[in-house]
Amino acid sequence: MSTPIPVIDVSALASDQAADRRAVASRIGAACRDIGFFAITGHGVPLELVQGTFTASQAFFAQPLADKQALAYASLSHNRGYVGTGVEALDEHRGADQKEAFNLIWTDEATRPPNAWPALPGWRERVQAYFDATLAAARRLHRAFALDLGLAEDFFDDKIDRPLATLRLLHYPGSAVAQAGQEDDGIGAGAHTDYGNVTLLATDGVSGLQVQGRGRDEWIAVPPLPGAFVCNIGDCLMRWTNDVYLSTPHRVLRPARERYSIALFLDPNPDALVSALPSCVPPGQAPRHAPITTQAYLQSRFDATYGSKAG
Ligand SMILES: O=C(O)CCC(=O)C(=O)O
Ligand SMILES: [Fe+2]
């Protein structure tokens, strides 16, 4: 199946030749200005680590509900912990999402609390290694964004060094209705845009993710791309670029077979000021959005998604 989502080999971002880095950056930038989604290969995260993290995710969700609820999101702070099936509604108009999730955060364990870990042998080491590796890949993408936006290559470095980053393991139960070949009008994850700067998504080979370009009607299915991460721009970076980069609505349909995915959300440091980049504001025009800190912006988004139901 062909896909309008470009697949970009980003290995040259590690090159010591500036021209090579620039060439990749402009391919990434073109995707960010158009569909807001692209897939990356050559990202430096070993396939065994990705596969091992899917195995860890399956082991987590296979636990008895009481063990998962012991780490409940509602009992913790700072966007950590387990969210049960039917609790979130990413699209408030469509009802609850048929998925369960487990969140870990970036933490220095001083200014932010430690993560809550399940008591599964070797689990923490493996999943933390995946978090570290995907975060490094997401930071390298920010160097490409900076090059493409005409900024110093390290412009974002000190704005994402204490990030509000979240690693989210996701599990969508299989739908008996979809399995019987009928359309299941339930939703795995309601249509939404992501909140932060960039998301790196690994999927397990079961399709379900769909993307709707801004101003376009149709939903485009994102095929599973083994070994690649699906990347998308979030609302913070869209705002920062004065809407030059696009954060694009996407959703997950209820899959016939159960589906696992793993999302790394890189949202900037809480005190990073998201203020229109001068290179993105046409001469003589005012920026489209007022400056806001990442913390204030994200809080308003989480409040809307969870309402009073988190648990
Ligand atoms: O599971 C997926 O494929 C996408 C999940 C997603 O969009 C999200 O959690 O923000
Ligand atoms: Fe998303």
Side-chain angles (χ1 to χ4, degrees), residues 3 5 32 35-40 50 53-54 57-58 60-61 73 79-92 94 96-105 130-131 134 138 141 164-175 178 184 186-214 219-238 245-267 298 301-302 304-306 310:
T3 167
I5 296 184
C32 297
I35 186 83
F37 265 80
F38 53 98
I40 58 170
V50 179
T53 308
F54 274 108
S57 176
Q58 283 160 9
F60 175 83
F61 289 115
Y73 185 95
N79 200 29
R80 295 167 302 154
Y82 173 71
V83 182
T85 308
V87 170
E88 267 180 31
L90 281 171
D91 178 349
E92 300 108 86
R94 283 298 302 272
D97 294 350
Q98 295 307 304
K99 67 171 194 228
E100 53 181 343
F102 185 64
N103 286 10
L104 299 158
I105 59 165
Y130 179 88
F131 197 162
T134 50
L141 284 182
L164 289 166
T166 304
L167 186 72
R168 175 158 244 221
L169 309 178
L170 288 153
H171 176 219
Y172 301 84
S175 150
D184 185 334
I187 202 84
H192 66 284
T193 51
D194 290 348
Y195 310 154
N197 270 16
V198 72
T199 305
L200 267 60
L201 181 81
T203 63
D204 68 349
V206 179
S207 51
L209 177 63
Q210 296 186 326
V211 172
Q212 188 182 45
R214 285 190 186 249
W219 287 94
I220 300 160
V222 180
L225 298 160
F229 291 115
V230 176
C231 304
N232 63 284
I233 300 304
D235 299 329
C236 246
L237 192 55
M238 178 163 168
Y245 283 6
L246 299 175
S247 90
T248 299
H250 52 283
R251 67 182 183 186
V252 179
L253 299 183
R254 289 208 64 188
R257 276 197 290 137
E258 66 176 341
R259 174 178 188 270
Y260 294 84
S261 64
I262 311 171
L264 178 277
F265 301 100
L266 178 46
D267 304 6
L298 292 175
R301 300 299 306 270
F302 284 126
T305 300
Y306 288 96

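As the structure lists them, so they are numbered: ligands from 1, and atoms in each ligand from 1.
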**Q** Measure the distance from atom 3 (O) of ligand 1 to every protein heavy atom, then report the residue, atom name and distance (to 0.1 Å) of the closest one.
**A** Arg259 NH2, 2.9 Å
**Q** How many angstroms lie between CD in Gln212 and CZ in Arg251, if you round to the nearest 0.5 Å?
**A** 7.5 Å
**Q** Just to confirm my output: which protein heavy-atom neighbour is closest to atom 5 (C) of ligand 1, and how far is it?
**A** Tyr172 OH, 3.5 Å
**Q** Could you check whether the rings of His250 and Phe37 sit parallel, tilted or perpendicular, using 30° and 60° as the cut-offs?
**A** perpendicular
**Q** Looking at ligand 1, does any of its N/O atoms fall within less than 3.5 Å of an N/O of Arg168?
**A** no
**Q** Measuring from atom CZ of Phe265 to atom CG of Asn103, what distance do you get when rounded to the nearest 0.5 angstrom?
**A** 8.0 Å
**Q** Determine the minimum heavy-atom distance between Pro255 and Ser207, stating which atoms define it.
**A** CB-O, 4.2 Å
**Q** May I have the step-by-step check of side chain to side chain donor-acceptor pair (under 3.5 Å) for Ser247 and Arg214, ending in yes or no?
**A** CA-CA 8 Å; Ser247 90; Arg214 285 190 186 249; 3.1 Å; yes
**Q** Between Thr203 and ligand 1, is there a nitrogen or oxygen pair with a distance under 3.5 Å?
**A** no
**Q** Got the closest protein heavy atom to atom 8 (C) of ligand 1, with its distance?
**A** His192 NE2, 3.6 Å
**Q** In terms of residue, atom name and distance, what is the protein heavy atom nearest to atom 4 (C) of ligand 1?
**A** Val252 CG2, 3.7 Å
**Q** What angle sits at the Fe ion (ligand 2) between NE2 of His250 and NE2 of His192, to 10°?
**A** 90°
**Q** For the backbone of Val206 and the side chain of Arg259, can you confirm whether one donor and one acceptor N or O come within less than 3.5 Å of each other?
**A** yes
